Amino acid sequence: MKLTRAGLEADKAAFEAAGYQLPTFDYEMVYANTFSHPVWIHFGAGNIFKAFQANVVQQLLNRGVMDTGLIAAEGYDYEIIEKSSRPHDDLTILATLKADNTVEKTVVGSIMESLILDSSDKEEYSRLKEIFANPSLQMASFTITEKGYAVTDAKGATLPAVAADFAKGPEAPDGYLGKLVSLLYHRFLHGQLPIAMVSMDNCSHNGDKLKSAVLAFAEAWCNRGLAEEDFLAYVQDSSKVSFPWSMIDKITPRPDAKVEAMLAADGIEGLDPVITSKNTYIAPFVNAEECEYLVIEDAFPNGRPPLEQGGIIFTDRETVDKVEKMKVCTCLNPLHTALAVFGCLLGYELISAEMKDPQLKRLVEIIGYEEGLPVVVNPGILDPREFIDQVVNVRIPNPFMPDTPQRIATDTSQKLPIRFGETIKAYDRDPKLNVADLKLIPLVFAGWLRYLMAVDDEGDQFTPSSDPLLETASAYVAGYELSDAPKNLNGLEQLLRNEKVFGVDLVEIGMAELVKKYFAEMACGVGAVRATLERYVK
């Protein structure tokens with residue numbers, strides 16, 4: 001069996017006999033509708049998009065709720081389209097790995113067209129301009145990572161590639177953002193047509209990050225006379241261009257070799273993953289958990305597809321913010337980070353396996369239920385305690401999810417201030433709460449310092465996951481060794497005062513001494529991390 005449109009047609013019975021759910025909608029009709037009247041284009045067609053949004057659209061197509069499909073575009077790594085999407089006619093196999101040891105296999109075929117966002121490719125770029133000039137287009141959505149919206153560096157200086165596109169104008173920019181804003185400018189030139197620009201990236205207030213980036217380009221081009229002066233007003237007018245906030249949640253690890261082997265055993269050919277020249281790991285299949293949430297601010301000036309019929313929640317901005325904070329600051333992300341740090345130190349290779357460890361399981365339960373939950377604002381549409389219940393009892397322990405602590409440990413320095421700092425701030429603001437009652441959040445901070453030593457609890461060296469502050473932060477622990485000799489911990493103080501890393505000044509807030517104490521205990525020799533967990537996680 002082959003994962004192509006022709007393969008599905010020729011081997012439909014074989015696919016169904018092997019347990020695959022297939023698209024049942026009229027492909028030719030949906031393709032024609034989508035080509036002539038596009039409604040939704042998505043930039044950054046990675047694993048979560050294929051496993052979540054594309055599958056929701058397929059369900060609605062199968063039920064006749066929608067009659068147009070998706071258009072996917074890629075502006076960073078063109079090989080994703082060239083080597084994975086197009087060879088399989090934009091089809092993807094979704095393997096949903098359930099906690100009950102069953103796998104639901106779906107061939108997702110809702111993507112009607114895949115395009116390369118390359119301003120130097122006349123054919124590709126012309127088609128994208130044609131889509132953006134079409135009055136039917138209701139939304140452009142994005143999963144391009146938080147870094148994708150950056151126009152300045154850490155010091156506030158305009159990034160060189162962005163500065164170059166500021167000077168070039170909208171005709172043929174080279175950078176991802178420049179090309180996106182160029183397409184939006186093309187829509188402006190064709191009647192100031194309305195559209196929703198929807199970031200679906202997993203970052204706080206994602207719509208504002210996208211809006212800020214788009215405005216920077218619009219201002220630069222208008223100020224230089226490279227774009228019509230009304231373009232800036234168009235971007236600023238929410239009745240023309242909106243930038244809704246959203247919260248997305250679905251664990252979608254990189255395609256797993258065991259899943260590939262399972263699909264190959266079913267008789268499907270040509271599912272080999274590809275590592276592109278930009279080091280992107282892609283495959284014509286995705287593996288993901290069953291649980292999924294997408295909450296979007298309902299601000300669509302040109303209308304929107306009826307995605308609520310597929311389980312996507314539309315609400316107001318304030319509620320999106322509450323849901324996002326509930327997830328990122330308390331109910332999921334902090335638990336993941338805690339498991340990532342200690343999982344690397346204790347030699348775990350699967351997040352799910354950590355939940356069989358009594359100390360680690362209790363660690364995340366205390367951080368979630370006892371330390372985090374008291375400061376969570378209930379968003380109303382999702383219950384925080386029920387959300388944690390599902391995370392702790394179903395989602396993270398799922399033994400069939402091939403997610404690793406090493407993957408989640410990526411960019412930890414960027415995650416700590418949101419995932420833990422916001423809880424500390426809430427304790428500090430509330431006269432009924434005491435920061436000194438937080439005992440395990442500081443243990444995670446100390447665990448990260450111990451992690452920066454790049455030596456596990458057995459005394460073996462390991463390679464920390466990538467992090468923009470890895471070199472800088474590691475320098476603070478470079479002088480420490482695993483030994484029970486007394487340690488002068490004063491050298492840690494400057495790092496512990498860094499609000500960009502921890503969200504607060506830990507010295508000023510009164511938490512630094514406890515963090516240093518925990519760190520010293522975890523660095524006193526082989527096995528000290530485990531001993532410290534046993535001592536404090538009751």
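Every heavy atom of this structure was used, including side-chain atoms; hydrogens, water molecules and symmetry mates were not. Remember, predicted model here, so these are calculated numbers, not experimental data.
For the pair Pro397 and Ser352, the tightest heavy-atom approach, listed with the atom from each and the gap, is O-CB, 3.7 Å. Minimum interatomic distance between Tyr451 and Pro464 (heavy atoms only, all atoms of both residues): OH-CA, 3.4 Å. Here the closest heavy-atom approach between residue Leu97 and residue Pro402 is recorded as CD1-CD, 3.6 Å. Of all the heavy atoms in Glu260 and Leu271, the pair that sits closest is OE2-O, 3.9 Å. The two residues Gly44 and Thr143 have their closest heavy-atom pair at O-OG1, 2.7 Å. Of all the heavy atoms in Ser85 and Lys50, the pair that sits closest is OG-NZ, 4.1 Å.
Judged by distance alone, the side chains of Asp467 and Thr412 never bring a donor and an acceptor atom under 3.5 Å apart. In this model, a donor atom of one side chain and an acceptor atom of the other lie less than 3.5 Å apart for Thr276 and Asp77. Judged by distance alone, the side chains of Glu79 and Ser277 do bring a donor and an acceptor atom under 3.5 Å apart.
The list of ring pair (Phe, Tyr, Trp, His ring centres under 6.0 Å) pairs with a residue in residues 364-384, not counting sequence neighbours, is empty. Applying the ring pair (Phe, Tyr, Trp, His ring centres under 6.0 Å) test to every pair with at least one member in residues 419-443, sequence neighbours left out, gives these pairs: Phe420-Phe445. A salt bridge (charged side-chain N to carboxylate O under 4.0 Å, His left out) check over residues 406-429, counting only residues at least two apart or in different chains, returns the pairs Lys147-Asp411, Asp403-Arg407, Glu422-Lys425.
Ion pairing of Glu458 with Arg530 is absent here, as no side-chain N (NZ or NE/NH1/NH2) approaches a carboxylate O to less than 4.0 Å. Using a cutoff of 4.0 Å between basic side-chain nitrogens and carboxylate oxygens, Lys325 and Asp321 are scored as salt-bridged.
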Please test Glu318 against Lys322 for side-chain contact (heavy atoms from CB on, under 4.5 Å), starting from the C-alpha separation and ending with a verdict. CA-CA 6 Å; Glu318 182 182 3; Lys322 290 177 182 177; 3.6 Å; yes

Derivation and outcome, salt bridge (Lys or Arg N to Asp or Glu O under 4.0 Å), residues Arg362 and Glu534: CA-CA 10 Å; Arg362 186 66 185 133; Glu534 291 176 347; over 6 Å; no

Let's go through Gln53 and Ser141 carefully: what are the C-alpha distance in whole Å and the side-chain angles of both, what is the deciding distance for side-chain contact (heavy atoms from CB on, under 4.5 Å) to 0.1 Å, and is it a yes or a no? CA-CA 10 Å; Gln53 294 95 319; Ser141 59; 5.9 Å; no

For Phe142 and Ser246, run side-chain contact (heavy atoms from CB on, under 4.5 Å): C-alpha distance rounded to whole Å, both residues' side-chain angles, the deciding distance at 0.1 Å, then the answer. CA-CA 11 Å; Phe142 307 87; Ser246 71; over 6 Å; no

Any chance you could lay out the side-chain contact (heavy atoms from CB on, under 4.5 Å) test for Asp249 and Phe387, step after step, and finish with the verdict? CA-CA 11 Å; Asp249 180 20; Phe387 192 96; 3.2 Å; yes

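The distance from the OH atom of Tyr518 to the CZ atom of Arg535 is 10.5 Å, given to the nearest 0.5 Å. Leu117 contributes atom CG, which lies 6.0 Å from atom OH of Tyr176 (distance to the nearest 0.5 angstrom). To the nearest 0.5 angstrom, Phe243 atom CZ is 10.0 Å from Ser238 atom OG. Going from atom CD1 of Ile275 over to atom CG of Asn279 covers 6.5 Å, rounded to the nearest 0.5 Å. One finds the CD1 atom of Ile441 at 11.5 Å from the CG atom of Leu514 (value rounded to the nearest 0.5 Å). A distance of 10.5 Å separates CD1 of Ile48 from CE of Met200, quoted to the nearest 0.5 Å.
Taking the six-membered ring wherever Trp is involved, the centroid distance between the rings of Phe43 and Phe49 does not fall below 6.0 Å.
The local environment of CD in Gln236 is crowded, with over 12 non-hydrogen atoms from other residues, nucleotides or ligands closer than 6.0 Å. More than 12 heavy-atom neighbours from other residues, nucleotides or ligands sit within 6.0 angstrom of CG on Asp460. Counting non-hydrogen atoms of neighbouring residues, nucleotides and ligands closer than 6.0 angstrom, the CD atom of Glu508 reaches no more than 12 such neighbours. More than 12 heavy-atom neighbours from other residues, nucleotides or ligands sit within 6.0 angstrom of CZ on Phe462.
Between the side chain of Glu297 and the backbone N or O of Arg317, no donor-acceptor pair lies under 3.5 Å. Side-chain atoms of Asp430 never come within 3.5 Å of backbone atoms of Ala426 as a donor-acceptor pair (strictly under, hydrogens ignored). Checking side-chain atoms of Asp505 against main-chain N and O of Glu499 turns up no donor-acceptor pair under 3.5 Å. Between the side chain of Asp457 and the main chain of Val529, a donor-acceptor pair closer than 3.5 Å is present. Counting only distance, with no hydrogens or angles, the side chain of Asn287 and the backbone of Arg254 share a donor-acceptor pair below 3.5 Å.
A cation-pi arrangement is not found for Lys327 relative to Tyr293, the charged atom failing to lie both closer than 6.0 Å to the ring centre and inside a 45° cone about the ring normal.
The shortest distance between side-chain heavy atoms of Leu443 and Leu363 falls below 4.5 Å. Annotation: side chain of Leu360 is in contact with side chain of Tyr348 (closest heavy-atom distance under 4.5 Å). Side-chain atoms of Glu289 and Lys250, non-hydrogen and from C-beta on, do get closer than 4.5 Å to each other. Taking 4.5 Å as the limit, some side-chain heavy atom of Lys439 sits within range of a side-chain heavy atom of Glu371. The shortest distance between side-chain heavy atoms of Asp174 and Asp165 falls below 4.5 Å. For the pair Gln414/Glu146, no side-chain contact is recorded, criterion being any heavy-atom separation below 4.5 Å from C-beta on. For the pair Leu339/Met355, a side-chain contact is recorded, criterion being any heavy-atom separation below 4.5 Å from C-beta on. Between Val364 and Glu354, the closest side-chain pair of non-hydrogen atoms is not below 4.5 Å.
Qualifying salt bridge (Lys or Arg N to Asp or Glu O under 4.0 Å) partners for Glu513, counting only residues two or more places apart in sequence or in other chains: Lys516. By the ring pair (Phe, Tyr, Trp, His ring centres under 6.0 Å) test, Phe342 is found to be paired with no residue, residues two or more places apart in sequence or in another chain being considered.
Ring-plane geometry between Phe502 and Trp448 is classed as perpendicular, the angle between the planes exceeding 60 degrees on a 0 to 90 degree scale with a lower cut at 30.
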Expected list for residues 473-484: side-chain donor-acceptor pairs under 3.5 angstrom, two or more places apart:
from	atom 1	to	atom 2	distance (Å)
Ser474	OG	Leu470	O	2.7
Tyr480	OH	Asn488	O	2.8
Ser483	OG	Ala485	N	3.4

